[in-house]
2 protein chains.
Amino acid sequence: MESVLAQAAALLDEAGPQALTFRALAERLGGGAASIYWYVANKDELLDRTTDHVIGTVLADVEKLPDTDDPIDDLRAMALTLFDAIVARPWLAAYFMRNTDVQGNALRLYEKLGQQTLRLDLTARQRFHAVSAIVGVVVGTAIDLGRVLPEELLDSAADRDEYLGRFAQTWRELDPAEFPFVHEIVDEFDGHDDVDQFRAALDLTLTGLRRQAGS
Amino acid sequence: MESVLAQAAALLDEAGPQALTFRALAERLGGGAASIYWYVANKDELLDRTTDHVIGTVLADVEKLPDTDDPIDDLRAMALTLFDAIVARPWLAAYFMRNTDVQGNALRLYEKLGQQTLRLDLTARQRFHAVSAIVGVVVGTAIDLGRVLPEELLDSAADRDEYLGRFAQTWRELDPAEFPFVHEIVDEFDGHDDVDQFRAALDLTLTGLRRQAGS
DNA sequence: ACCTGAACACCGTTCAAGT
DNA sequence: ACCTGAACACCGTTCAAGT
């Protein structure tokens, strides 16, 4: 079981989601495709369990973070840890928290985030919404980023810059009268850093949360 | 072409993404599967163009919204319009803005959102990050919601409540000492409203943005 | 308890050929 | 310019059978 999930994760890391097939996975494990069905009921469960398997390492990293006296700073550090893991393995975004029945580590991570909100002066509803918002920012930004770059993610940073540059060029050719905003931000888009973009989105949410908690 | 996209959208609406196959679509159109390749190069392009086709109606709705004297209120109204469309058609979240080369209406919607930030006292980089954050909240929350409910979305609200209730029950059975946060919010989760959750997440981001703009 | 080979139904995509 | 039938390679999944 352990090695099924480890090899599935390795396949996803090396070649992306469309490379994870029962046949390819079976070949890595040195067996037949049908034997994998002894461990999982279907492909959805394989993806959920593989995702939760690597979320386990993220959870361990999050649990290593020290509690400071500012719960919002702690939430920021946790969210950044999760985001970093998703940047390293973009396929995570699509399956993370898809099914908390199967994804026990994802549920524990959700709990850890939520525990920080227990330290804030909020209603239960505000706490529920706050954690949903933070997870939403992480997943939403990660999916947004993953979709601009098709498979170049696996290649060098130079390839990424060149791809962004070509993309920016098509934006520069748009009519400035019709697309004033796109022209305003195209230089920011060109060569931008994913983590900067995420950190900015997260900080807007956390600023709102800090204000709500009245601190 | 027009009817290819309309029928593809109808299939997605009625039976979800896994029901959209070239063979099923061809049958609706009364022809062979291969003929669809005259209109699109492959399935990704079919999904992108179909998505952009319905985003066109969202764009029309957004353009009908009046500008008030508060750009942040206008951003809220636009984001809610987009979110409502995604709630009605959950499959949109997965493909929206995946490729702005093909998705011209999505690019125009991005531009419309961005134009509101031009009315705020922000740097170009802050504007870029603000719109990314808002799109991230919309897409992230929508994906988050879509993944809790597998296919019950197509059924009645009563089915949804019952599903949430069963889910909440498994949460209530967790150890309260180990999962204090989950217990704190389980009653909020049970029977919660998607739009409330989204509105709360959006408001956190917009509060942060308002503060950044110093107004 | 764990694995296999072979089959089934179903995909996206291609291509030579038609009008 | 637009469509077709038939094929190809490849899926997830099942199942009877093996150890």
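Numbers restart at 1 for each chain; the letters A, B, ... are given by sequence-line order, proteins then strands.
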So that I can tick it off, tell me whether [Y] and [X] are bridged by a salt bridge, with the cut-off set at under 4.0 angstrom between side-chain N and carboxylate O.
| X | Y | answer |
| --- | --- | --- |
| A/D52 | A/R98 | no |
| A/E162 | A/R166 | yes |
| B/D196 | B/R199 | no |

* **Base-pairing string, 5' to 3', of DNA chain D - Watson-Crick or wobble, under 3.5 Å, | interstrand** => ||.|||||...|||||.||
* Start and end of chain B contact along DNA chain D [non-hydrogen atoms, under 4.0 Å] ->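 In short, chain B contacts DNA chain D from D/dA1 to D/dA7.
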* Modelled atom types, side-chain donor and acceptor of B/N99 and B/E45, under 3.5 Å ->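 Side chains of B/N99 and B/E45: no pair found under 3.5 Å.
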* Asked: Just checking, is any N or O donor in the side chain of A/D190 or A/Q169 under 3.5 Å from an acceptor N or O on the other one?
  ->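 No donor-acceptor contact under 3.5 Å links the two side chains.
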* To do: Quick one: list whatever passes side chain to side chain donor-acceptor pair (under 3.5 Å) with B/R108, sequence neighbours left out.
  =>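 Side chain to side chain donor-acceptor pair (under 3.5 Å) list for B/R108, sorted by chain: B/N105.
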* To do: Nearest 0.5 Å please: distance from the OG atom of A/S35 over to the CZ atom of A/F22.
  =>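 CZ of A/F22 is found 10.0 Å from OG of A/S35.
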* Can you measure from CD1 (A/I55) to CG (A/L92) and round to the nearest 0.5 angstrom? =>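 It is 5.0 Å, given to the nearest 0.5 Å.
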* Select base, sugar-phosphate, or nothing to describe what A/L20 touches, counting heavy atoms under 4.0 Å on all strands. =>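 Sugar-phosphate only.
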* Expressed in whole Å, how much space separates the P atoms belonging to C/dA17 and D/dC2? ->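 About 22 Å, rounded to a whole number of Å.
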